[in-house]
Amino acid sequence: MVSARKVFDEMPERNRVSWNAMIVGFLRNEFYEQGVEFFREVVRESSVSPDQVSVSSVLSACANMGAVEFGREVHGVVVKHGLETLAYVKNSLMDMYSKCRCFDHTIKLFRIMGDKDRDIVSWNVVTSGCVTNHNFEDACNYFWVMRKEGIRPDEASYSSVLSASASLAALDQGTLIHDQIIKSGFMRSSCVTSSLITMYSKCGNLIDACCVFEENEDRNVVCWTAMIAAYQQHGCVNQVFESFREMLGEGVKPNYITFVSVLSACSHAGLVEEGFELFNSMTKTHGIIPGHEHSACIVDLLGRAGRLDEARRFIESMPIIPHSSIWGALLGACRNHNNLEMGREVAEKLFYLEPNNPGNYVLLSNIYTNNGRLKEADEVRRLMGLNGVRKEPGCSWIDVKNKSIVFTAQDKSHSRTDEIYEILRKLEELIESEGYVSETQFPNGIVEASRENSLWYHSEKLALAFGILTLPVKAPIRIKKNLRTCQHCHTVLKFASCIFGREIVVRDINRFHRFTNGSCSCGDYW
DNA sequence: TTAGGGTTAG
């Protein structure tokens with residue numbers, strides 16, 4: 001860029017194309033701030049007025065930086081120069097607002113546009129914007145409306161809708177879209193195949209994820225990372241490392257995200273030394289500066305291994321200010337190892353850093369409960385209420401005959417409630433006869449009857465019982481849950497997979513669990 | 001000289 005600038009400065013005459021070429025050059029090299037500054041220069045000093053090329057490019061830079069204030073300024077420039085009628089510019093404005101988390105503005109502009117002006121990019125901006133803003137159902141709806149309007153999806157449309165399907169664990173929809181992709185000839189797009197791998201993986205279907213990967217000849221780092229992440233999510237640690245080695249062997253350079261998955265695999269497998277080796281190799285060998293996600297993996301790695309003091313020292317020695325996710329990993333470890341003293345200290349930090357996150361209150365309350373200190377546990381729950389923080393009520397979904405049935409905890413609204421509860425009562429007896437002792441039996445011998453009772457009627461167990469009642473005998477039972485599944489449900493589902501001889505797949509807020517023959521793909525680490 | 005898309009865990 002330095003040489004480009006020199007050439008530009010020495011030019012006897014500069015026109016709109018040379019100004020724009022400079023802006024585009026900055027952006028292509030990811031010098032977003034310089035690109036924006038250069039645009040300012042154009043507007044301020046040059047006699048040449050900006051056109052759709054310069055504003056679209058600079059809006060893309062604002063989107064990448066999340067710089068909504070400057071984006072608004074550019075919007076003003078757009079109006080001043082009468083560029084707002086151009087589709088290219090409108091799409092860029094919509095995308096800028098979407099990526100700057102002002103999605104309402106995106107939708108407003110999209111509605112104003114009307115059917116005639118909307119092109120495939122406009123639809124893709126809105127669909128991907130829904131995904132970015134976690135409105136996955138809306139993303140799918142926009143995709144299907146677009147199809148109804150007769151617009152042919154392209155790679156970007158398929159990638160976004162597959163990403164939404166993955167987040168919703170919507171396997172039927174994802175499979176239907178896969179068929180459409182094959183028919184429309186987009187299977188060669190690495191962008192589409194990596195989304196397909198992730199969709200199948202996050203829907204609990206590792207075999208199809210592998211098939212898509214194997215059939216794809218042109219594997220770039222994103223495809224490899226998608227496959228490595230899939231193995232990691234399914235608890236296949238050996239395949240994670242095998243794939244990682246194979247990827248390096250093929251000369252594909254790992255990226256920031258690849259390392260998150262590989263480090264996470266180390267953590268789940270308890271491979272502390274290997275994890276540190278990989279973490280150190282990021283900077284030394286691969287030129288990637290570790291970020292918060294990687295540091296959280298290391299804390300998790302040490303925490304799971306019970307090395308809590310080392311985990312804390314690691315955080316305190318970090319060259320960056322630790323993000324709440326890093327302290328969160330340590331609090332999770334305190335919960336797993338019942339470390340009340342450290343748990344209290346870490347929770348205090350987290351209450352300050354993210355006062356509205358109910359998860360931290362719940363974890364501290366659980367630490368107290370597991371130490372038999374029920375009064376303090378209730379006190380934490382009360383504090384949570386006083387601070388106006390509310391835990392989202394748990395819900396589980398199960399699809400039966402193309403209909404989605406929702407259950408909440410202790411739900412008795414379903415017409416087959418009696419049968420559902422009867423199945424759970426029988427399951428409880430069977431599990432107890434196998435010698436299972438509930439985790440509500442505390443070390444000091446306290447058993448809390450009401451808690452025990454309510455644990456048995458968590459939403460995923462109700463969904464499980466409904467699945468057993470209604471699905472064919474050999475069919476897998478697929479359940480989705482809006483929160484993390486609890487220890488009790490996890491244990492019961494393991495037993496259930498064995499007792500009923502069924503594959504049970506539970507997709508919770510963080511990951512999914514595939515229960516077969518009494519064990520879970522997460523290896524009991526989640 | 002221009003806009004949109006894939007891979008992350010807790």
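Convention: sequence-line order gives letters A, B, ...; per-chain numbering from 1.
Contact annotation: A:R304 reaches the phosphate of B:dG10 (side-chain N/O to OP1 or OP2, under 4.0 Å). Side-chain N/O atoms of A:Q233 include one lying less than 4.0 angstrom from OP1 or OP2 on B:dA9.
Between the NE2 atom of A:H513 and the C1' atom of B:dA9 there is a distance of 13 Å, given to the nearest Å. The CE atom of A:M199 sits 19 Å away from the C1' atom of B:dT8 (whole-angstrom rounding). Between the P atom of B:dG10 and the CG atom of A:L363 lies a distance of 13 Å, rounded to the nearest Å. The CD1 atom of A:I23 sits 9 Å away from the C1' atom of B:dT1 (whole-angstrom rounding).
If you check every strand for non-hydrogen atoms under 4.0 Å, A:D95 touches sugar and phosphate atoms only. Backbone-only contact: A:S92 has heavy atoms under 4.0 Å from sugar-phosphate atoms and none from a base. A:I120 comes within 4.0 angstrom of a nucleotide base, judged by non-hydrogen atoms across all strands. Among the heavy atoms of the strands, none lies under 4.0 Å from A:H323. Contact annotation for A:D119: base contact, defined as any heavy-atom pair under 4.0 Å involving a base atom. Residue A:R511 is classed as a sugar-phosphate contact, given heavy-atom separations below 4.0 Å to backbone atoms only.
For A:S194 against B:dG6, a side-chain N or O and a base N or O form a donor-acceptor pair under 3.5 Å. The base of B:dG10 lies outside donor-acceptor range of the side chain of A:S325, with no N or O pair under 3.5 Å.
Residue ring and nucleobase are not stacked for A:W19 and B:dT1 under a centre distance beneath 5.5 angstrom and an angle between planes beneath 30°.
Looking only at distances, a side-chain donor or acceptor of A:H323 sits under 3.5 Å from a matching main-chain atom of A:S325.
A:N91 and A:S122 are linked by a side-chain donor-acceptor pair at a separation below 3.5 angstrom, with hydrogens and angles left out of the test.
For A:A21, taking side-chain heavy atoms from C-beta onward, the closest of the listed nucleotides B:dT1, B:dA9, B:dG6 is B:dT1. Comparing atom distances between the A:S56 side chain and each of B:dA9, B:dA3, B:dT7 picks out B:dA3 as nearest. Considering only the side chain of A:V121, B:dA3 comes nearest among B:dA3, B:dT1, B:dT8. Picking from B:dT8, B:dT2, B:dG10 the nucleotide with the shortest atom distance to the side chain of A:R28 gives B:dT2.
In this structure, A:F244 and A:F259 have perpendicular ring planes: the angle between them is above 60°, well past the 30° mark. Under the 30°/60° scheme for interplanar angles, the aromatic rings of A:Y158 and A:F143 are found to be tilted.
Every residue meeting the ring-ring contact (aromatic ring centres under 6.0 Å, His included) condition with A:H294, not counting sequence neighbours, appears here in chain and number order: A:Y256.
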